Asker: 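If you scroll down you'll find the structure; I have some questions about it.
These numbers were taken from a predicted model, which means no experiment stands behind them. Letters A, B, ... mirror the listed sequences (proteins, then strands); counts begin at 1.
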Amino acid sequence: MAVLDILTLPDERLKQVSAPVTAFDDALRAFIADLEETRQAGPSAVGIAAPQVGHFQRIVIMDCSLTRKPVPNHGRLVLVNPEITEWDGHDVGREGCLSIPDYTGNVVRAARIKLSAQDPRGDSLSFEMTGFEARCAQHEMDHLDGLLFIDRVVSRRTDLFRRKVYK
Amino acid sequence: MNNWYMLTLVGADRTGITAAVTQALFDADMNLGEASMLRLGGSFTMMLMVSGAAGADAVVSAVEPVAHQLGLKVHVDAIDGQLHEHLEPNVHVTVSGADRAGIVAGVTGALADAGLHITDLSSDVAGEASQPVYIMQIEGQADTGIDALRAAVTARVGDAMDVHIRLIETLLG
Ligand SMILES: [Zn+2]
């Protein structure tokens, strides 16, 4: 077990697209344990994605069970090869990122998603997520595609009254 | 630590103001920190943290030619602030309704009394000129919880305005 170094901007590797996990072995599970230890070692992150520690595989850990105001959530999730299969609605919410210290901004995300993934043993998982938890999944899965939330930040002036989605 | 100056420029809006001012600062070997620039009415307003100057007068000298050319008023103050002093907001307030005198003072006064520290406020007048609608968005930090804030605003402005107060739960991931 080890706390891993987190890549921070302007590290170009954050833009790298991660590869699917194909081997569900002890090495994968050992890495997941380190990733979780890293998530918990820092400033109260609800999620972390493998590429944030320079490991370019499609792995996300998230836990939305400890927000100030409780939100619908599925507890702590380890998602391997996650895919969003359905999107619905959109909401504006504030995000920050372990890889971009000292910056937060408002981002438009789908309000409800359906998601499929595998667990660390390769078994299939599927979830319906809403609100904050859905936002977390989208933020983390962006990392797997080399995308950062700063590329999606919208001005607060446009947020609530015009509600356009900028890609 | 850098010595920072707050540079304020205001003038009639036109294309290219930002580029011209920031180029002048760059040419004078000055650095920008945080900045806010926006169009208010027909004016363009800029507030920039500037460092690398040997005194406020040096900042004025650096931008004076371009300010003169573009018709901008210039003001510079030395400030104590530094970068990385963000105060993370945890409350968002939206106020909207028919425009009337005293809305900002009433709402912000009630919020301040209830413990809200405002970090960001923007207000606008929308609708038709004959029937203006006032829209204000506020972000701030409060330890009191939104129920107390809501009660304070309702007590002050009643039903005259639509007021929505919600927690900002910043996602860190
Ligand atoms: Zn992130």
Asker: Between Pro43(A) and chain B, which part of the residue has a heavy atom less than 4.5 Å away: side chain, backbone, both or neither?
Answerer: both
Asker: Considering only heavy atoms and a distance below 4.5 Å, find which of Pro101(A), Ser44(A), Ala45(A), Gly42(A) pairs most often with chain B.
Answerer: Ala45(A)
Asker: Looking only at heavy atoms and a cut-off of under 4.5 Å, which of Ala49(A), Gly96(A), Gly93(A) has the most pairs with chain B?
Answerer: Gly96(A)
Asker: Relative to chain B, which of Arg68(A), Glu140(A), Gln52(A), His139(A) shows the most heavy atom pairs under 4.5 Å?
Answerer: Arg68(A)
Asker: Between Asp123(A) and Arg121(A) (salt bridge meaning N to carboxylate O under 4.0 Å), is one present in this structure?
Answerer: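 Not counted as a salt bridge, because no side-chain N and carboxylate O are separated by less than 4.0 Å.
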Asker: Heavy-atom cut-off 4.5 Å, strictly under: side chain, backbone, both or neither for Glu95(A) against chain B?
Answerer: both
Asker: Would Asp119(A) and Arg29(A) pass as an ion pair if we require N to O under 4.0 Å?
Answerer: no
Asker: Go through Val108(A) and Arg152(A) one step at a time and tell me if the side-chain contact (heavy atoms from CB on, under 4.5 Å) criterion holds.
Answerer: CA-CA 7 Å; Val108(A) 179; Arg152(A) 298 188 187 274; over 6 Å; no
Asker: Do the side-chain N and O atoms of Glu133(A) and Asn73(A) include a donor-acceptor pair separated by under 3.5 angstrom?
Answerer: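 No, no side-chain donor-acceptor pair sits under 3.5 Å.
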Asker: Hey, are Gln23(B) and Asp27(B) close enough side-chain-wise for a donor-acceptor pair under 3.5 Å?
Answerer: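 Side-chain D/A pair, Asp27(B) to Gln23(B): present.
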Asker: Tell me, out of Met62(A), Arg39(A), Arg135(A), who's got the most heavy-atom pairs with chain B below 4.5 Å.
Answerer: Arg135(A)
